[in-house]
Novice: 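Got a structure for you, questions after.
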Amino acid sequence: MKPSIQTVKGARDFYPEEMALRNYLYAKARAASQAFGYQEWDGPFLETLDLYAAKSGEELVKKQSFVFADRGGDEVTLRPELTPSLARMIAARQGSLTFPVRWWSFGPFWRYEQPQKGRSREFFQWNIDMLGVNSPEADAELLAIAATFLRSVGLDPQRATIFVNNRRLMDSQFDALGIVPEKRLDVSNLVDRRSKMDPSQWDANALDLGLNQTQLDGLKSLLADYDLWQKSEELTRLFVALEALGVKDYVKFDPNIMRGLLYYTGTVFEAFDQTGGVRRAILGGGRYDNLLADVGGQPLSGVGFAMGDVVVGIVLKEAGLLPDFDPTPSSVLVTVFDEKLWMTSYALASELRAAGLNVITFPEPAKLPKQFKYADKMKMRVVVTVGPDEAEKGLVAVKNLSNGEQVIVARAEAAEAVRKILS
RNA sequence: GAGCCUGUAGCUCAAUGGCAGAGCGCCACACUGUGGAUGUGGAUGUUGUGGGUUCGAAACCCAUCAGGCUCCCCA
């Protein structure tokens with residue numbers, strides 16, 4: 001039977017299987033974050049529109065935010081990103097926080113976009129930031145966290161690569177080509193779109209922006225120069241630190257990585273699936289020097305990245321790296337032999353739970369084959385049965401489903417027998 | 001916000017204007033105290049939804065909803 005009411009467009013149902021993946025990503029993000037000593041935090045899911053109007057682009061505020069009036073008439077929005085909340089909260093306690101601040105978060109976000117592969121309107125995102133240290137070595141730490149995560153979910157450097165660039169380096173190169181600072185943003189956006197465009201059309205767009213042929217040629221050789229990082233002290237130091245941190249194999253310099261975000265000022269990076277199943281970035285981030293000052297705090301530099309759950313979920317699925325799904329958190333089934341022994345089974349299950357085991361009881365008397373089939377389908381590992389023969393002597397039958405062996409033990413020793421099989 | 005493609009059983013898909021099907025899964029039984037295997041049988045459906053064309057529509061037309069690809073955007 002099909003339900004007559006569908007989910008909201010771009011929203012997803014989390015059946016136990018999807019919920020398990022979400023929790024898996026959460027656990028891996030937490031592990032990578034905590035391995036580097038980051039503290040978990042969160043902001044409100046509802047924010048005032050003004051928070052985003054202050055810094056975020058017009059596109060985000062006007063077109064891609066879920067905005068509505070509350071009952072008091074104030075405009076509120078479902079948070080489309082976390083960084084403004086971070087800046088606000090840091091600024092509010094700037095005088096009392098111990099820097100550097102190392103914070104991470106995993107929660108829901110909403111953007112009113114066209115849903116497609118790798119993109120939904122309601123999604124979960126891992127955010128992680130370090131504020132108060134402005135150095136390539138700090139940037140390297142965030143890259144190492146990203147690489148640690150990728151490694152922990154089974155994505156090797158050939159499969160998932162983090163491409164890094166530096167805004168300051170590119171700006172100085174643009175300067176050298178005689179591209180005026182006012183044109184940097186346009187040129188950056190153009191670079192960002194290059195991989196999606198037909199080469200001749202891209203050239204035409206570049207000339208439309210007011211570049212001359214010499215500048216265009218210079219820009220193209222710039223974007224083909226994968227040794228360009230050697231001209232940047234920041235990037236040179238970054239790669240030294242990445243090597244020491246043991247993640248250099250995950251990171252490659254790429255002059256084509258720009259990122260659309262206005263607030264990035266130094267190192268920028270994006271991780272991509274190299275097998276091409278998903279063209280969207282798995283994660284992305286960079287250094288931002290001016291964000292705190294923009295929301296009224298003292299100037300404070302930060303570096304961080306964000307990873308949505310949707311793209312990485314697809315990448316893991318396509319790579320065959322989804323973790324095995326456990327249909328039940330319990331590995332033990334206590335059968336109900338018949339009407340008469342029903343409550344005996346319930347009492348036995350209760351004893352096993354008191355001994356610290358997670359136990360499912362079959363909800364009613366049924367034929368044993370049916371109960372065993374249920375245990376098998378739920379991938380349970382142990383079945384405990386009390387039939388008339390056992391009940392009479394105070395015994396229980398404990399069966400190991402993985403090898404089919406069954407032992408008869410005293411009821412008081414059931415928990416121990418189960419534990420032995422599970423260990 | 002724009003263009004294109006798709007929507008049939010729980011899942012993957014057939015049926016190209018003429019009786020809506022297959023495989024897998026599901027349920028029951030064979031098996032009256034023990035799962036995975038095998039066999040036999042069974043249930044599946046408002047063909048996304050609403051209109052229209054037609055003697056007749058899953059198919060053709062319009063609208064709408066959802067998904068996918070792309071543009072835009074990716075904070």
Side-chain angles (χ1 to χ4, degrees), chain A residues 1-13 15 17 47 51-65 77 79-87 109-121 123 125 127 189 192-193 196-198 201 258-264 268 270 278-286 288 291 294 304-308 310-311 314 333-338 341 362 365-391 396-406 408:
Chain A
M1 184 159 51
K2 287 240 163 72
S4 57
I5 297 178
Q6 298 174 310
T7 53
V8 170
K9 181 173 183 170
R12 293 165 294 163
D13 292 330
Y15 287 87
E17 199 154 5
E47 288 277 16
L51 178 68
Y52 306 99
K55 187 58 198 166
S56 308
E58 205 171 284
E59 174 82 13
L60 168 64
V61 176
K62 290 199 175 156
K63 287 175 140 183
Q64 299 195 323
S65 287
T77 179
R79 62 181 188 183
E81 58 162 333
L82 190 60
T83 311
S85 301
L86 172 69
F109 295 87
W110 295 264
R111 292 179 195 169
Y112 195 80
E113 302 192 78
Q114 206 51 245
Q116 45 190 268
K117 190 178 185 184
R119 173 147 298 182
S120 60
R121 287 184 172 179
F123 57 96
Q125 193 165 278
N127 284 266
N189 286 337
D192 223 21
R193 266 177 297 163
K196 292 180 187 171
M197 289 178 65
D198 178 70
Q201 199 188 341
M258 297 302 284
R259 290 192 61 70
L261 306 193
L262 301 180
Y263 56 62
Y264 290 119
V268 288
E270 288 181 326
V278 191
R279 302 208 76 86
R280 297 176 190 286
I282 297 170
L283 58 86
Y288 45 88
L291 204 57
D294 288 341
F305 68 83
M307 182 193 79
V310 183
V311 172
I314 294 169
L333 173 74
V334 175
T335 59
V336 174
F337 189 86
D338 59 20
L341 288 163
F362 208 79
K367 290 181 178 176
L368 282 184
K370 184 172 178 179
Q371 300 190 45
F372 272 81
K373 273 181 192 170
Y374 173 80
D376 194 53
K377 268 186 206 146
M378 297 297 278
K379 296 190 177 161
M380 302 178 78
R381 294 167 60 197
V382 182
V383 175
V384 182
T385 304
V386 187
D389 298 347
E390 290 87 9
V396 301
V398 178
K399 182 165 185 178
N400 180 343
L401 284 191
S402 40
N403 62 13
E405 286 169 15
Q406 180 167 284
I408 310 289

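All chains are named by letter (A, B, ...) in the order of the sequence lines, taking the proteins before the strands, and each is independently numbered beginning at 1.
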Novice: How long is the straight-line distance from CE of A/Met258 back to OH of A/Tyr264, given to the nearest 0.5 Å?
Specialist: 13.5 Å

Novice: Just the rounded figure in Å: distance from P of B/C74 to OH of A/Tyr112.
Specialist: 18 Å

Novice: Determine the Euclidean distance between corresponding P atoms of B/U53 and B/C72; express it in Å to zero decimal places.
Specialist: 42 Å

Novice: Looking only at the side chain of A/Arg193 (C-beta and beyond, no hydrogens), which of the listed nucleotides B/U34, B/A66, B/C73 gets closest?
Specialist: B/C73

Novice: Could you give the CZ-to-C1' distance, from A/Arg121 to B/A66, as a whole number of Å?
Specialist: 11 Å

Novice: Pick the C1' atom in B/U44 and in B/U34, then give their distance to the nearest Å.
Specialist: 30 Å

Novice: Where the side chain of A/Lys367 is concerned, which of B/U34, B/G67, B/C29 is the nearest nucleotide?
Specialist: B/C29

Novice: Classify A/Gly284 by what it touches in the nucleic acid, base, sugar-phosphate, or nothing, heavy-atom distance under 4.0 Å.
Specialist: nothing

Novice: Between A/Phe372 and A/Leu401, is any pair of side-chain heavy atoms under 4.5 Å apart?
Specialist: yes

Novice: Do A/Gln406 and B/U34 have a side chain to base donor-acceptor pair shorter than 3.5 Å?
Specialist: yes

Novice: When you compare B/G35 with B/A30, how far apart are their P atoms, in angstrom units rounded to a whole number?
Specialist: 13 Å

Novice: Answer with yes or no whether A/Lys370 presents, from its side chain, a donor or acceptor under 3.5 Å of a partner atom in the base of B/G35.
Specialist: no

Novice: How long is the line joining CD of A/Gln116 and P of B/C4, in whole Å?
Specialist: 16 Å

Novice: If you round to the nearest 0.5 Å, how far is CD of A/Gln371 from CG of A/Asp376?
Specialist: 13.5 Å

Novice: Enumerate the residues from residues 377-388 of chain A whose closest heavy atom to RNA chain B is under 4.0 Å, giving them by residue number; use none for an empty result.
Specialist: A/Lys377, A/Gly387, A/Pro388

Novice: Does A/Pro115 or A/Arg119 map to a spot on RNA chain B nearer the 5' end, using the closest nucleotide for each?
Specialist: A/Pro115

Novice: Taking the side chain as every heavy atom from C-beta outward, state whether A/Leu291 and A/Thr83 have any pair of such atoms under 4.5 Å apart.
Specialist: yes

Novice: Tell me the interatomic distance from A/Ile408, atom CD1, to B/G33, atom C1', rounded to whole angstroms.
Specialist: 10 Å

Novice: Please measure how far the C1' atom in B/G25 lies from the corresponding atom in B/G36, and state the result in whole Å.
Specialist: 15 Å

Novice: Please give, in whole Å, the distance from B/C74 P to A/Trp110 CH2?
Specialist: 21 Å

Novice: Would you kindly give the CG-to-P distance between A/Leu333 and B/G33, to the nearest whole Å?
Specialist: 18 Å

Novice: Give me the distance, rounded to whole Å, that separates B/U16 from B/A59 when you measure between the C1' atoms they each carry.
Specialist: 6 Å

Novice: So, taking the atom named CG in A/Leu333 and the one named CE in A/Met380, what distance separates them when rounded to the nearest 0.5 Å?
Specialist: 5.0 Å

Novice: Any idea how A/Phe362 and A/Tyr374 line up, ring-wise: parallel (<30°), tilted (30 to 60°), or perpendicular (>60°)?
Specialist: perpendicular

Novice: Name the nucleic acid region contacted by A/Gly285, choosing base, sugar-phosphate or nothing; use a 4.0 angstrom heavy-atom cut-off, strictly under.
Specialist: nothing

Novice: For RNA chain B, what dot-bracket results from Watson-Crick or G-U pairs at under 3.5 Å, with [ ] for crossers and | for inter-strand partners?
Specialist: (((((((..((((....[..)))).(((((.......))))).....(((((..]....))))))))))))....

Novice: Tell me: CZ of A/Phe337 to P of B/U34, nearest whole Å?
Specialist: 9 Å

Novice: Could you give the CD-to-P distance, from A/Gln114 to B/C69, as a whole number of Å?
Specialist: 11 Å

Novice: To the closest 0.5 Å, what do you measure between CG (A/Asn127) and CG (A/Leu86)?
Specialist: 8.0 Å

Novice: Specify the closest pair of heavy atoms between A/Arg79 and A/Tyr52, including all atoms of both residues, with the distance to one decimal.
Specialist: CB-OH, 3.2 Å

Novice: Write down the distance separating the P atoms in B/A14 and B/G7, rounded off to the nearest Å.
Specialist: 9 Å

Novice: Does B/G68 have OP1 or OP2 under 4.0 Å away from a side-chain N or O of A/Lys117?
Specialist: no

Novice: Looking at the base of B/G33, is there any donor atom on it, or on the side chain of A/Glu390, that sits under 3.5 Å from an acceptor on the other one?
Specialist: yes

Novice: If you look at every strand shown and take non-hydrogen atoms under 4.0 Å, does A/Lys399 touch a base, only sugar-phosphate, or nothing?
Specialist: base

Novice: Kindly give the heavy-atom pair with the smallest separation between A/Gly118 and A/Arg280, and that separation in Å.
Specialist: O-CD, 3.9 Å

Novice: Look up atom CD in A/Gln64 and atom CD in A/Gln114, then write down how far apart they are to the nearest 0.5 Å.
Specialist: 10.5 Å

Novice: Go through the structure and list residues passing salt bridge (Lys or Arg N to Asp or Glu O under 4.0 Å) with A/Arg121, not counting sequence neighbours.
Specialist: none

Novice: Taking the same atom, C1', in B/C69 and in B/C55, what whole-Å distance lies between them?
Specialist: 40 Å

Novice: Taking only the C1' atom of each, what is the distance from B/U46 to B/A20 in whole angstrom?
Specialist: 13 Å

